[in-house]
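Nothing here was measured: the structure is a model prediction, and the numbers come from that model. Below, all heavy atoms of this structure are taken into account, side chains as well, without hydrogens, waters or symmetry copies.
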Amino acid sequence: MLTAADAGDAAALLAAVPAGRRVALVDPRFVGHVHALRLGLTDPRFPAAAVAGALTAQAEARPALVRALQRTTAAVVAGAPTAAPEAGAETGPQTGAEPADGRATGPSAAPAADAAPEDPTLPGRIAAALEAEGTPVHRPALGSLVAAVPADAEQEAAAVAGLTSVDDEAVRLRSAVKAHDGFFTTFCISPYSRYIARWCARRGLTPNQVTTASLVTALIAAGAAATGTRGGYIAAGLLLLVSFVLDCTDGQLARYSLQYSTMGAWLDATFDRAKEYAFYAGLAIGAVRGGDDVWTLALGAMVLQACRHVVDFSFNEANHDAVANTSPTAALSNKLDSVGWTVWARRMIVLPIGERWAMIAVLTALTTPRIVFYALLVGCSLAACYTTAGRLLRSLTRKARRTDRAAQALADLADSGPLAQAVAAVAPGLRGAFTVPAAALLGALVMVGAALFLPYGSWLTVAAAGVYVLLSGLAVARPLKGALDWLVPPVFRAAEYVTILVLAARSDVPHAVPAAFGLVSAVAYHHYDTVYRIRGGTGAPPRWLVRTIGGHEGRTALVAVLAAVLTHASGFTTALTALAVAVALVVLVESIRFWVSSSAPAVHDEGELA
């Protein structure tokens, strides 16, 4: 930290800091909790942030900060009696010293949640100038934490009293836990996992290390399940619960220590799915060793869960920025939120990740893999019906106009390849309120119905794939702005995944279903990667990637052709395996390149309840 003599000196000191560094301005009269400064000055997700009397700017906001400081300095020097701030470059997780009594001295003015442009200090004026120029300034909600710049002895005494009455560390621990989570996670995991997060923080462990430990633990659990022994199943159940505790801990550690990163976003976004689906595979392998082939059930459970997620993602993206977003169904839901027990009941009925993993762990330890998959299929099916019905009602009863951003997000989630795009380029757009999702659904029914009911290996199935390609192209020929157009991506996902499942299960070729499991896993990773890129604000994967792996309609048609050409031959398994490896290599290489690059968003995903 460097202390500036006046506003002009502060500008000179900031100008001397290397361009790539974060800088902060803190009024020397600041009185507040250390964690209030942490929230305001060390969160890496925002280019600029402020609490009362303190302002920070990362490299991308530095030019705007300099301009705002230059415009503000003259007015301050001319007649505004504002104390000169401290200026410096942030070199660690905190800015400034941390006194023994747990408070920071430096700048602010009033309980910091309201550190708005009314803040009369120099950092406050500069923050207002930044916002006036168009640079957003994040202002964290501090709740009971104190951040103030007292103007007199009375205000200082009040601020100090606020400091002593609020336990800074207790607030920090509470805020490390997600505000909205499932029943099992909230009451059975978070009460102690937050202390594990603090233990990790004090020993210098990072959220990425904890995330990796969670993945490794889950993979060991899958290996234990793959032994096919009762002891292995018991160990697998216990290890899966340990993995889930670590999964909760990594996010709590990130919030506790404000360690958000691009790599963390990628790991947190994808490892949950990798852990769950790897455990499904371990259970299937263990069941085969015990003489019970449940690979079809395992793949069915994965398909169902992946499609549930796509419904969630697609609906949320469609309504992310909907205009005039009103719905009697949403109003009813808000009323129910005031009745506490209904909140938990509705969270549990969707079988969120905590409840789902607890069920899997207990049933694995006490029963058989077949029972585990039956329970998953029944539970997830009921949850899918409940959530999808609610979203349909909201979509039909609300009056909302889809934005161009929402339409583009749905088009990206549709994952249309070159075949569908070629049809869309020459076909007239479908008109009518519900014709687009109807066309997508009809194409899916034709494709899945052919795979189910036509003789395996029939070229009529290939013809059905052609119809599917045609209807898929028609469905995306116009922007997806209809009330139910958010159904298009999940319908396409279901058509592709279920077609692969059915053709592999009906082939009677050894190991075809495990090979199909690998293919669906690789494609599902691509679809999850697409979702999290859109959420990060960087857009979908590049078009060359989608063209290279064929799009949903291209892959579906290719699998139908392979089934017809390689009828009753082990070559079908080999072809599915080769396709899975090719898709996995392409999407993983591009995904890793993106998430470790500077273009990836510095966020920590909060995860989905489902």
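Side chain to side chain, Trp486 and Asn316 fail the donor-acceptor criterion of an N or O pair below 3.5 Å. Checked by atom type, the side-chain pair Asn208/Thr206 shows no donor-acceptor distance below 3.5 Å. Side-chain contact, Thr56 with Arg22: a donor N or O sits under 3.5 Å from an acceptor N or O. Checked by atom type, the side-chain pair Gln408/Asp412 shows a donor-acceptor distance below 3.5 Å. A side-chain donor from one of His527 and Asp415 sits under 3.5 Å from a side-chain acceptor of the other. In summary, the side chains of Ser591 and Asp529 do present a donor paired with an acceptor at a separation below 3.5 Å, with no hydrogens or angles considered.
Side chain of Ser597 to main chain of Phe594: a donor-acceptor pair is present (N/O by atom type, distance under 3.5 Å, no hydrogens or angles). Without hydrogens or angle criteria, Thr185 side chain to Gly182 main chain gives no donor-acceptor distance under 3.5 Å. Judged purely by atom type and a 3.5 angstrom limit, Asp247 has no side-chain atom pairing as donor or acceptor with the backbone of Ser243. Of the possible donor and acceptor atoms, none in the side chain of Ser314 sits under 3.5 Å from a partner among the backbone N and O of Val311. The closest donor-acceptor contact from the side chain of Arg493 to the backbone of Ala414 lies under 3.5 Å. In this structure a side-chain-to-backbone donor-acceptor pair under 3.5 Å is present from Arg308 to Val350. In terms of modelled atom types and a separation under 3.5 Å, the side chain of Ser214 and the main chain of Val210 share no donor-acceptor contact. Although no hydrogens or angles enter the test, the distance criterion places a donor-acceptor pair under 3.5 Å between the side chain of Thr249 and the main chain of Val245.
A cation-pi arrangement is present between Arg172 and Tyr256 under the rule of less than 6.0 angstrom and at most 45 degrees off the ring axis.
The shortest distance between side-chain heavy atoms of Gln252 and Ser190 falls below 4.5 Å. Using a 4.5 Å cut-off on side-chain heavy atoms (C-beta onward), Leu65 and Leu55 make contact. Side-chain contact between Arg62 and Leu14: absent, with no pair of heavy atoms (C-beta onward) separated by less than 4.5 Å. At a threshold of 4.5 Å between non-hydrogen side-chain atoms, the residues Trp595 and Thr270 do not count as touching. Counting heavy atoms from C-beta outward, His35 and Ser175 have side chains that approach closer than 4.5 Å. Contact check for Pro28 versus Thr3: no side-chain heavy atoms found under the 4.5 Å cut-off. The side-chain heavy atoms of Val476 and Phe492, taken from C-beta on, include a pair separated by under 4.5 Å. Between Leu205 and Trp199 there is a side-chain heavy-atom pair separated by less than 4.5 Å.
Look at Asp181 and Arg347 and you find no salt bridge, because none of the NZ, NE, NH1 or NH2 atoms lies under 4.0 Å from a carboxylate O. In summary, Arg533 and Glu590 engage in a salt bridge, as defined by a charged side-chain N under 4.0 Å from a carboxylate O.
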Could you tabulate the donor-acceptor pairs under 3.5 Å formed by side-chain atoms of residues 144-152, not counting sequence neighbours?
| residue | atom | partner | partner atom | Å |
| --- | --- | --- | --- | --- |
| Asp152 | OD1 | Glu154 | N | 3.2 |
| Asp152 | OD1 | Gln155 | N | 2.8 |

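Minimum heavy-atom separation, Leu410 to Ala318: CD1-CB, 4.0 Å. Contact detail for Arg139 and Ala128: the closest heavy-atom pair is NH2-N, 4.4 Å. A pairwise comparison of heavy atoms in Val51 and Pro140 identifies CG1-CG, 3.9 Å as the closest pair. Residue Arg45 comes nearest to Gln58 through the heavy atom pair N-NE2, 4.3 Å, listed as atom of the first residue, atom of the second, then distance. Listed here is the closest heavy atom pair of Arg402 and Ala483: NH2-O, 3.2 Å. In plain terms, the two heavy atoms of Pro207 and Leu253 that are nearest each other are N-CD2, 3.5 Å.
Taking the salt bridge (charged side-chain N to carboxylate O under 4.0 Å, His left out) definition, one finds that Asp485 meets it with nothing, sequence neighbours left out. Residues forming a side chain to side chain donor-acceptor pair (under 3.5 Å) with Glu317 (at least two apart in sequence, or on another chain): Arg405.
A distance of 12.5 Å separates CG of Leu69 from CZ of Arg125, quoted to the nearest 0.5 Å. We find the CZ-CD1 distance between Phe183 and Ile189 to be 12.0 Å, quoted to the nearest 0.5 Å. For the atom pair OG1 (Thr42) and CG (Leu39), the distance works out to 7.0 Å, reported to the nearest 0.5 Å. Interatomic distance, CZ of Arg198 versus CZ of Arg203, reported as 10.0 Å (0.5 Å rounding). Distance CG/Leu246 to CD1/Ile196: 7.0 Å, rounded to 0.5 Å. Here CG of Leu2 is found 9.0 Å from CG of Asp9. Values are rounded to the nearest 0.5 Å.
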**Message:** Please evaluate residues His33 and Arg38 with respect to the criterion side chain to side chain donor-acceptor pair (under 3.5 Å), reporting the C-alpha separation (whole Å), side-chain torsions for both, the decisive distance (0.1 Å), and the verdict.
**Reply:** CA-CA 9 Å; His33 289 101; Arg38 285 194 192 98; over 6 Å; no
**Request:** Might you work through the side chain to side chain contact (heavy atoms under 4.5 Å, CB included) test for His309 and Arg273, ending with a clear yes or no?
**Result:** CA-CA 10 Å; His309 280 132; Arg273 307 288 80 79; 3.4 Å; yes
**Prompt:** Arg29 and Glu156: salt bridge (Lys or Arg N to Asp or Glu O under 4.0 Å), yes or no, with the steps?
**Reply:** CA-CA 9 Å; Arg29 299 169 298 171; Glu156 182 176 6; over 6 Å; no
**Request:** Begin from the C-alpha positions of Leu173 and Tyr195 and carry the test side chain to side chain contact (heavy atoms under 4.5 Å, CB included) through to its verdict.
**Result:** CA-CA 8 Å; Leu173 270 175; Tyr195 296 101; 3.6 Å; yes
**Asked** After noting the C-alpha distance and the side-chain angles of Phe313 and Tyr532, does the key distance pass the side chain to side chain contact (heavy atoms under 4.5 Å, CB included) rule?
**Response** CA-CA 9 Å; Phe313 298 145; Tyr532 290 110; 4.0 Å; yes
**Asked** Would Gln421 and Arg543 count as a side chain to side chain contact (heavy atoms under 4.5 Å, CB included) if you check the C-alpha gap in whole Å, the side-chain angles of each, and the deciding distance to 0.1 Å?
**Response** CA-CA 11 Å; Gln421 289 295 330; Arg543 285 301 306 168; 3.7 Å; yes
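Remark: of the listed residues Thr548, Ile592, Leu545, Leu545 is the sole one forming a side-chain contact (heavy atoms from CB on, under 4.5 Å) with Val587.
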